[in-house]
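Comments concern the structure below.
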Amino acid sequence: MARGYARYVLAVMVGINFLNYLDRWVASAAATPIENEFKLNDAQFGLIGTAFLLVYAVAAIPFGYWGDRGVRKTVIGVGVAIWSIATLFTGFARSYSQLFLSRALVGIGEASYYPAGTSLMSDFFPKEQRARVMSIWNAGSTIGIAVGFAGGGFIAEKFGWRTAFYFAAVPGLLFALLAFTFREPLRGSMESKGPAVARTQDASLRKVVQLLRIPTLRATIIAQTLLFFVLASNAFWLPTVLHRRFNLSLSKAALLAGVVIVVGGLIGTLAGGWLADRRAVKSPAAHLEVGIAGFIAGAVLITLALLSPMSIGPIPVFVPLFLVTVICLYLYAGPFTALSQNVVSPGLRASSVTLLLFVAHVFGDSHSTYDVGQLSVWLGGNLQLALLITSPTLLILAAVAAAAGLRTVKRDTESMEEEWAARPAEVPA
């Protein structure tokens with residue numbers, strides 16, 4: 001396929017990723033009016049985020065299997081349609097149980113596109129460009145978080161929280177149609193050696209579990225599991241922390257959170273991919289090194305940010321510190337996504353992402369919003385202290401986990417390339 005078409009697919013996938021995170025985080029921006037209407041405490045509202053992430057993790061298993069055996073563009077299109085319709089029904093919720101169910105169903109749709117999408121993108125772009133491409137794709141998520149916070153908070157305050165979900169749902173149906181029209185690339189078409197095939201029969205539960213035997217992949221999964229707890233809990237509760245701690249209005253708190261996350265997330269995500277691809281020319285461990293540096297710096301900076309005042313005199317303090325923290329924490333995104341594809345054969349790439357999503361969400365962020373909310377309840381509503389206890393500790397542990405893969409990344413990448421090169425030229429569908 002022409003290079004221009006690959007860029008078109010990347011652009012559509014960035015849009016889908018934008019909507020994925022917009023739909024996901026608009027609920028956080030509207031937390032206060034939702035809690036007031038349904039008379040919920042922080043733990044109960046945090047449980048909604050937990051329900052979404054648990055369903056997301058479990059639903060990724062069948063969708064990842066389908067992504068490695070079926071037509072990936074169909075998997076993506078079906079998922080986008082499901083989550084868009086579920087977001088629409090969130091706005092119709094008239095009870096806590098209906099709200100809980102609709103947000104859980106959003107997880108089913110969103111679980112479909114990421115494993116299949118990662119595999120699809122890996123067959124449009126070669127290994128030497130993957131970190132940058134995955135960073136550009138992941139940049140859509142940071143914009144989605146920002147618009148979800150800022151736009152969701154503004155609409156919720158001016159027009160009611162239900163309207164915010166209606167606005168978030170409609171564009172997804174258009175992007176679902178665009179996904180259905182993609183041209184499906186052959187699996188392995190961008191590998192330097194080996195066959196390019198339409199479909200494989202590689203995916204199975206046994207082979208998915210066996211992916212954990214790849215030391216580098218295992219190290220990145222553990223690191224991201226710890227990181228996801230930090231990212232989800234801070235993103236989910238940040239508008240509320242700003243609202244309570246600095247007495248900002250709901251819309252201003254959501255806008256500030258959105259601006260910090262989109263600017264920091266974009267810079268960190270794009271810089272991480274560029275740094276990893278550039279350094280990978282000399283160091284096979286470059287993708288891990290970039291992420292580890294971000295985790296360590298982020299642990300120090302997030303501590304300083306959570307303890308700092310909004311400003312000292314005319315000099316802003318909190319916002320610059322949190323901005324640099326977000327930049328550091330997002331350096332991992334493109335490099336780690338690319339690495340999960342580089343060490344796994346083309347026939348199991350959606351499954352490798354499925355494995356990451358299942359482990360990282362079940363054991364990482366699925367319970368993080370509830371955990372921090374419950375810890376806040378125990379601390380008398382002190383979300384600031386709850387985040388200060390959890391975030392730096394887990395970031396240091398994430399750096400340690402990622403460092404375990406430094407010795408094996410070169411060997412695992414070369415092993416995958418040799419295995420795929422030895423594969424027969426034709427594989428039955």
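All residue numbers in this chain count up from 1 along the given sequence.
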Tell me whether [X] contacts the main-chain N or O of [Y] through its side chain, where contact means a donor paired with an acceptor under 3.5 Å.
X: Q44; Y: N41; answer: yes
X: D412; Y: T216; answer: yes
X: R213; Y: V209; answer: no
X: S119; Y: A116; answer: no
X: N382; Y: S376; answer: no
X: Q374; Y: Y370; answer: no
X: S102; Y: A86; answer: no
X: R72; Y: M121; answer: no
X: K73; Y: F182; answer: yes
X: W420; Y: P346; answer: no

So which heavy atom on [X] is nearest to which on [Y], and how close?
X: A6; Y: F125; value: O-CZ, 3.6 Å
X: G117; Y: M13; value: CA-CE, 3.5 Å
X: S308; Y: V317; value: CB-CG1, 3.5 Å
X: A60; Y: T354; value: O-CG2, 3.1 Å
X: A360; Y: F228; value: CB-CD2, 3.6 Å
X: V78; Y: F180; value: N-CZ, 3.5 Å

Looking at side-chain heavy atoms only, is the closest gap between [X] and [Y] below 4.5 Å?
X: Y21; Y: N17; result: yes
X: Q341; Y: S352; result: yes
X: L270; Y: I136; result: yes
X: R103; Y: T87; result: yes
X: L105; Y: F89; result: no
X: E184; Y: L120; result: yes
X: Y8; Y: F124; result: no
X: N138; Y: Y330; result: no

Aromatic contact, F246 with F318 (centres under 6.0 Å):
yes

Criterion salt bridge (charged side-chain N to carboxylate O under 4.0 Å, His left out) against D277, the qualifying member of R132, R130, K282:
R132

Show the numbers, then the answer: is there a side chain to side chain contact (heavy atoms under 4.5 Å, CB included) between I214 and M416?
CA-CA 10 Å; I214 302 173; M416 183 284 293; over 6 Å; no

Return yes if a side-chain donor-acceptor contact under 3.5 Å exists between T390 and D371, otherwise no.
no

d(L242 CG, L238 CG) to nearest 0.5 Å is 4.5 Å

Classify the ring geometry of Y56 against H361: parallel below 30°, tilted from 30° to 60°, perpendicular beyond 60°.
perpendicular

Report, as yes or no, whether the 6.0 Å neighbourhood of atom CZ on F167 holds more than 12 heavy atoms from other residues, nucleotides or ligands.
no

